[in-house]
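Notes to accompany the following structure.
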Amino acid sequence: MDAPERTDNLEAAVEWLLSRIGGPLKIGTPLGLGKPHRLLNALYARVAADPSRPLHLYTALSLDPPASGSGLERRFLEPFVRRHFGDDFPRLAYVEAMKRNTLPRHIEVEEFYLQSGALLDSLAAQTRYASLNYTHVARALADRGVNAIVQRVALEPGGARLSLSSNTDLTFDAVDAIVARGLPRPLLIAEIDPELPWLDGGAAVDAGWFDLVITPPGPYPRLFGLPRQPVSDAEYAIGFFASTLVRDGGTLQIGIGALSDALCHALALRHVDNVAYRRVLAALSSPAAADPALGAFAEGLYGCSEMINEGFRRLVEVGVVRRKVMDDEALMQRLADGNADADDHARLEHDGQFLHGGFYLGSPEFYRWLREMPEAHRRGIDMRRISEVNELYGGHETLERLQRRDACFFNTCMMATALGAAVSDALEDGRVISGVGGQYNFVAMAHALPGGRSVLLLRSSREAHGHLRSNVVWNYGHATIPRHLRDVYVTEYGIATIRGLADEDCIIAMAAITDARFVDGLLDTARRAGKLHADLVAPARARGARNTPERLREALAPLHRAGALPDYPLGSDFSATEQRLVKGLNWLKQRTATRGGKLATVLRSLGARTDDAEALSRMALAQPRGVAARLEAKLLALALRETSR
């Protein structure tokens with residue numbers, strides 16, 4: 001393998017790339033952390049000024065720090081964004097242009113997964129969105145004739161190898177797919193970032209695998225850290241109900257966000273404080289509260305997830321994720337048959353791995369964990385191609401079936417229909433919120449694996465523009481997962497296991513986990529559609545006061561006070577004062593969503609005492625000047641008082 005060319009100058013790297021590609025630039029770059037922001041910005045600046053060089057950029061999840069907004073939101077976000085992301089964080093220039101709808105006509109950006117809700121009003125993002133299963137992306141890149149891939153990498157400490165680190169997901173698969181199509185191997189350009197954790201194993205390559213290696217000078221911007229959000233009562237209930245589906249010795253896939261945080265907290269509590277875990281289940285009236293199978297994890301779980309995140313860190317640290325597997329079919333078969341000998345177990349203990357992923361994303365604390373983890377953990381984690389993680393049909397199906405026993409694949413969705421379809425990625429007018437990503441992959445795999453379950457998590461209701469709406473609906477104009485692949489849904493009111501059910505039984509099961517305020521309307525619609533007998537009624541749980549936010553809040557309040565349900569179960573990026581402010585600002589947002597609500601809240605706030613010096617100082621409202629600032633101080637004081645109870 002030839003040595004790569006090297007430079008420490010980003011402009012020189014752009015010149016190198018332009019000189020080697022004569023026609024349109026068809027550039028692939030990884031999702032999330034794997035993007036070399038500074039290189040992409042240098043390339044964008046050069047090409048944007050030269051319409052003779054068309055640029056087609058193929059990627060996903062172009063991460064952008066939150067915008068400041070106005071009013072109280074701006075007062076909260078501006079200091080936090082500066083502290084959390086750093087003043088020198090290089091926002092992607094093409095993302096800013098897409099948000100403003102000012103992307104030059106000779107530049108196209110095609111993404112298969114969008115930062116959730118960030119590009120709903122971007123014409124460029126919506127028109128060039130590519131709806132793809134994660135495992136089909138490499139094929140699509142070959143179809144488009146990608147001629148270069150640029151990626152951020154880590155340098156081996158004290159060595160010369162490079163690690164794809166955060167993104168082994170698509171690079172290897174894309175290169176193979178392009179070459180298999182008979183096209184020239186794309187130019188491969190690496191930008192070394194000392195902030196990126198070094199990971200060995202499947203992520204490591206010789207430097208010569210790349211054609212150009214860039215080592216730009218410091219200072220190096222921080223890695224994009226996802227701010228950890230508080231977990232609500234509804235989210236905790238969903239997480240605890242979902243945790244009862246996980247079998248000891250099984251396999252775990254999770255997503256990201258508050259629902260996954262709640263699930264991971266529940267699994268960790270089940271292992272380290274089983275008494276407290278069962279108290280939460282009992283408070284939720286879960287029939288599994290006394291299930292003897294829900295004790296601490298004796299064997300542990302194997303994690304096989306497209307994304308490794310904060311939740312997996314916690315589960316590894318407390319000993320939940322620890323079941324090891326090996327890429328040795330004969331050994332895995334002997335384990336499954338109970339015929340493994342002492343040598344097999346010794347080899348598994350030394351060389352086995354307990355966590356496989358395709359990419360990672362999390363908080364600064366999570367990245368520190370990856371950098372500083374004990375060697376035993378480091379050996380047990382391996383980054384893999386997405387074709388290996390997200391499906392069974394990459395040539396090692398028998399091995400993967402043996403490894404992925406009793407798999408629970410947890411994903412989230414926005415809405416579900418009473419007949420079992422899931423809405424996860426887009427609105428019914430076609431605009432994309434995020435993307436399919438790997439969700440369909442895991443749903444299909446759950447149906448293909450003996451003992452596998454596809455579990456979709458959703459909040460039962462939402463507030464939109466001051467109106468309460470159910471997330472369990474009769475029908476919707478877009479579906480991500482078709483109803484013939486229905487399996488398990490979990491809301492804060494319980495579990496609906498609907499795989500293989502007749503439609504009428506499916507409707508009744510979904511009604512049982514619907515907010516009580518919407519159950520009658522849902523069933524009336526089903527009857528009018530001829531899908532429900534006239535004499536069938538909603539389950540008692542849903543008809544009464546059980547499926548209500550008030551009952552849920554009352555049931556979980558003692559567990560919050562006892563410390564079993566912390567606001568930030570996986571840690572927080574906010575200070576103690578900021579955590580109080582987040583609560584207050586969320587309360588204020590809900591109360592002012594309508595014109596009437598806004599007026600009533602403003603009138604209530606006029607008598608509020610502005611004596612919380614610490615919170616007001618953090619919001620630059622200790623000495624408010626002008627009518628608007630004084631009103632903001634009053635509103636904030638009211639919100640803090642209401643949420644401190």
Side-chain angles (χ1 to χ4, degrees), residues 10 29-42 59-67 77 79-96 113 115-116 118 149-157 162-171 189-200 203-204 213-229 255-257 260-261 305-314 316 355 357-373 377-378 381 383 570-574:
L10 292 168
T29 190
L31 60 79
L33 290 187
K35 286 183 181 61
H37 281 218
R38 291 192 289 173
L39 175 60
L40 286 168
N41 282 347
T59 188
L61 197 58
S62 297
L63 296 169
D64 191 40
L77 276 178
F80 174 76
V81 168
R82 284 197 301 271
R83 185 185 79 234
H84 187 73
F85 295 97
D87 289 326
D88 60 348
F89 186 86
R91 290 180 181 265
L92 288 161
Y94 70 82
V95 172
E96 292 187 306
Y113 197 91
Q115 190 169 355
S116 185
I149 296 175
V150 299
Q151 177 153 1
R152 177 157 45 179
V153 300
L155 177 64
E156 182 178 21
L162 302 176
S163 172
L164 275 60
S165 188
S166 60
N167 288 86
T168 53
D169 49 338
L170 286 171
T171 305
I189 302 172
E191 179 186 313
I192 293 174
D193 187 342
E195 294 290 312
L196 202 62
W198 164 265
L199 294 178
D200 207 331
V213 175
I214 311 164
T215 310
Y220 296 96
R222 299 173 194 173
L223 299 178
F224 189 98
L226 286 175
R228 289 166 286 187
Q229 299 298 314
I256 199 165
S260 294
D261 291 356
S305 185
E306 69 182 30
M307 179 172 59
I308 298 176
N309 58 21
E310 214 78 41
F312 277 114
R313 175 180 66 86
R314 174 63 57 82
V316 169
L355 181 56
F359 74 98
Y360 64 74
L361 192 59
S363 70
E365 185 179 345
F366 172 71
Y367 303 142
R368 280 195 299 275
W369 177 70
L370 288 176
R371 291 188 199 97
E372 301 168 5
M373 69 173 68
H377 287 172
R378 191 178 301 279
I381 298 173
M383 303 300 291
L570 302 185
S572 177
D573 304 289
F574 302 118

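Everything quoted here is computed from the prediction, not taken from an experiment.
Residues Leu155 and Pro194 fail the side-chain proximity criterion, which asks for heavy atoms closer than 4.5 Å. The shortest side-chain heavy-atom distance between Ile214 and Ile192 does not fall under the 4.5 Å cut-off.
Residue Leu61 comes nearest to Leu31 through the heavy atom pair CB-CB, 3.9 Å, listed as atom of the first residue, atom of the second, then distance. The heavy-atom pair separating Thr59 from Pro30 by the smallest distance is OG1-O, 3.2 Å. Shown here for Gln115 and Asp64, the closest heavy-atom pair between the two residues is OE1-N, 2.9 Å. What you find for Arg222 and Gly86 is that their closest heavy atoms are NH1-N, 3.6 Å. Shortest non-hydrogen contact noted between Gly357 and Thr168 is O-OG1, 4.0 Å. When all heavy atoms are compared, the tightest approach of Ser166 to Met383 is O-CE, 4.2 Å.
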Checklist entry - When you look at Leu63 and Leu361, which way does the side chain to side chain contact (heavy atoms under 4.5 Å, CB included) test go after all the steps? => result CA-CA 11 Å; Leu63 296 169; Leu361 192 59; 3.7 Å; yes
Next on the checklist: Does Asp169 form a side chain to side chain contact (heavy atoms under 4.5 Å, CB included) with Glu306? I'd like the steps, not just the answer.
Outcome noted: CA-CA 8 Å; Asp169 49 338; Glu306 69 182 30; over 6 Å; no
Next on the checklist: Under the criterion side chain to side chain contact (heavy atoms under 4.5 Å, CB included), I'd like the reasoning laid out for Leu92 against Asn41: C-alpha separation, chi angles, the key distance, then a yes or no.
Outcome noted: CA-CA 6 Å; Leu92 288 161; Asn41 282 347; 4.2 Å; yes
Checklist entry - Can Phe359 and Leu33 be said to form a side chain to side chain contact (heavy atoms under 4.5 Å, CB included), step by step? => result CA-CA 9 Å; Phe359 74 98; Leu33 290 187; over 6 Å; no
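In this structure, the side chain of Arg228 engages the main chain of Leu570 through a donor-acceptor pair within 3.5 Å. Glu310 contributes a side-chain N or O that, together with a main-chain N or O of Ser363, makes up a donor-acceptor pair within less than 3.5 Å. Side chain of Ser165 to main chain of Pro197: a donor-acceptor pair is present (N/O by atom type, distance under 3.5 Å, no hydrogens or angles). Panel note: side chain Tyr367, backbone Gly362; a donor-acceptor pair is recorded below 3.5 Å. With hydrogens and angles ignored, the 3.5 Å screen pairs no side-chain donor or acceptor of Ser305 with any backbone N or O of Ile308.
Residues in residues 191-200 take part in these side chain to side chain donor-acceptor pair (under 3.5 Å) pairs, two or more places apart or across chains: Arg152-Asp193, Arg161-Asp200.
How far CG of Leu223 is from CZ of Phe85: 11.5 Å, rounded to the nearest 0.5 Å. To the nearest 0.5 Å, the span separating OH on Tyr360 from CZ on Phe366 amounts to 7.5 Å. With values rounded to the nearest 0.5 angstrom, Phe224 atom CZ is found 8.5 Å from Arg91 atom CZ. In this structure, Ser62 OG and His37 NE2 are separated by 7.5 Å, a value rounded to the nearest 0.5 Å. Distance check: Asp261 CG to Asn309 CG gives 7.5 Å after rounding to the nearest 0.5 Å. One finds the CD1 atom of Ile381 at 5.0 Å from the CG atom of Leu355 (value rounded to the nearest 0.5 Å).
A side-chain contact (heavy atoms from CB on, under 4.5 Å) with Lys35 is found for exactly one of Thr29, Asn167, Val150, namely Thr29.
By the 30° and 60° cut-offs, the orientation of the rings of His84 relative to Phe80 is parallel.
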